[in-house]
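To start, the structure under review is shown below, and the notes come after it.
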Amino acid sequence: MTDLTTSADYIALERRYAARNYSPLDVVIARGEGAFVWDVEGRRYLDALAGYSALNFGHGHPRLVAAAQRQLHTLTLTSRAFHSDQLGPFARDLAALTGKDLVLPMNSGAEAVETSLKVARRWGRRVKGLPEDWGTIIVMAGNFHGRTTTIVSFSTDKVARDDYGPYTPGFVVVPYGDIEALRAAVSDETIAVLLEPIQGEGGVVIPPDGFLRDVRALCTERNMLMIADEIQSGLARTGHTFACDHEQVVPDIYVLGKALGGGIVPLSAIAADHAVLDVITPGSHGSTFGGNPFAAAIGREVIAMLQTGEFQQRAAMLGAVLAAELDRLVGHGLAQVRHRGLWAGLDVDPERISGKELCHRMAERGVLAKDTHGSTIRLAPPLVVTEDDVRQLAAAVRDSLAE
Ligand SMILES: *Cc1c(COP(=O)(O)O)cnc(C)c1O
């Protein structure tokens, strides 16, 4: 076997043996600390993607690494055939953070979304009283909820959906942020509305003011569950614990993932009250690794860090700095900027530059970001960045556009 030394060597190896379900930037990361990563040649980059917000607390946060190390040497997996001394405390703390009675832990975000859909369907039958095979769920155009066959069945992204049929029935798509379209789509058969309070993968798309409140009121009025997929928007990214908090809205089901595992392990969960989650009975749902003691110990530390409010405050304060810097670039290479907290979607002027080219130029300036849907770039640096880092990030965008 030949020695692997350069980025090109590792990229060639990945190309040779790993399926091409992504098209990454040509950067091979070997180490991370805080808001920064280093490639195999030792070049340093500001990580402005942060694992799609899974790394809200940065790389290797000392509190999270300590929690992981403690648990790693103690107990990592029991399966749910037995109890563990980590699941109860984790569930209690996540219930407190969400204000809900119960939580159901899983691993990936897509599994948590699937869990919410199964819960909604059972609730439709057993609580709302609909006949077998009834019960539609309304979803939003431009959604991203993961990659399972059911979830891609109601995706409006051709690339994510094409040729994965036959598709799961029972979903109705309405335009995002359009309360009248949503109202018109509701029927006696509707059991739930599933939405992202801010569409992350869609490009940090923020609905009109009052939309979430209107959805909440409509769900209550028509006896439907409001399911908020806060996998990317939640856990301090927007300046609040949940993006729904911006409109003081409490959904019936929170769907959480990404940052819940501290960027160390996949850990997801849904949180809801007894009236909803009691439809789940022994044997009717589960996962071998779901709620395992290793993940639970890390998740509990994540929750403790969120309970101080420090990260929410940082996101709000640093987000204001980022927003002010980015707003000045509209008309200077950017067509539009959307932001909430330390989270921004930039639409580049496609006449000037592609999203991918902008990311290449930013990487040359030591900042990593990723384009989504061609001409949109999402910025979501770890919430541990400094104000200087944020200004460096904005300068990299500015200079890359001006090049
Ligand atoms: C990333 C994401 C998911 C899927 O999570 P995975 O862990 O990749 O399965 C679902 N919903 C939203 C809003 C996401 O951002």
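Each ligand, and each atom within it, is numbered from 1 in the order the structure gives.
For ligand 1, residues of the protein lying within 4.0 angstrom by heavy-atom distance are Ser108, Gly109, Ala110, Phe144, His145, Gly146, Glu196, Asp229, Ile231, Gln232, Lys258.
For the residue pair Arg216 / Thr220, a side-chain donor-acceptor distance below 3.5 Å is found, with atom types taken as modelled. At a cut-off of 3.5 Å, with distance as the only test, no side-chain donor of Thr6 or Glu41 sits close to an acceptor on the other residue.
Under the salt bridge (Lys or Arg N to Asp or Glu O under 4.0 Å) criterion, the residue pairs touching residues 335-348 are Arg338-Asp347, with sequence neighbours excluded.
With sequence neighbours left out, His246 forms a ring pair (Phe, Tyr, Trp, His ring centres under 6.0 Å) with His240. For Phe242, the ring pair (Phe, Tyr, Trp, His ring centres under 6.0 Å) criterion is met by Tyr254, not counting sequence neighbours.
Seen from the ring of Phe36, Arg44 counts as a face-on cation partner, given the 6.0 Å and 45° thresholds.
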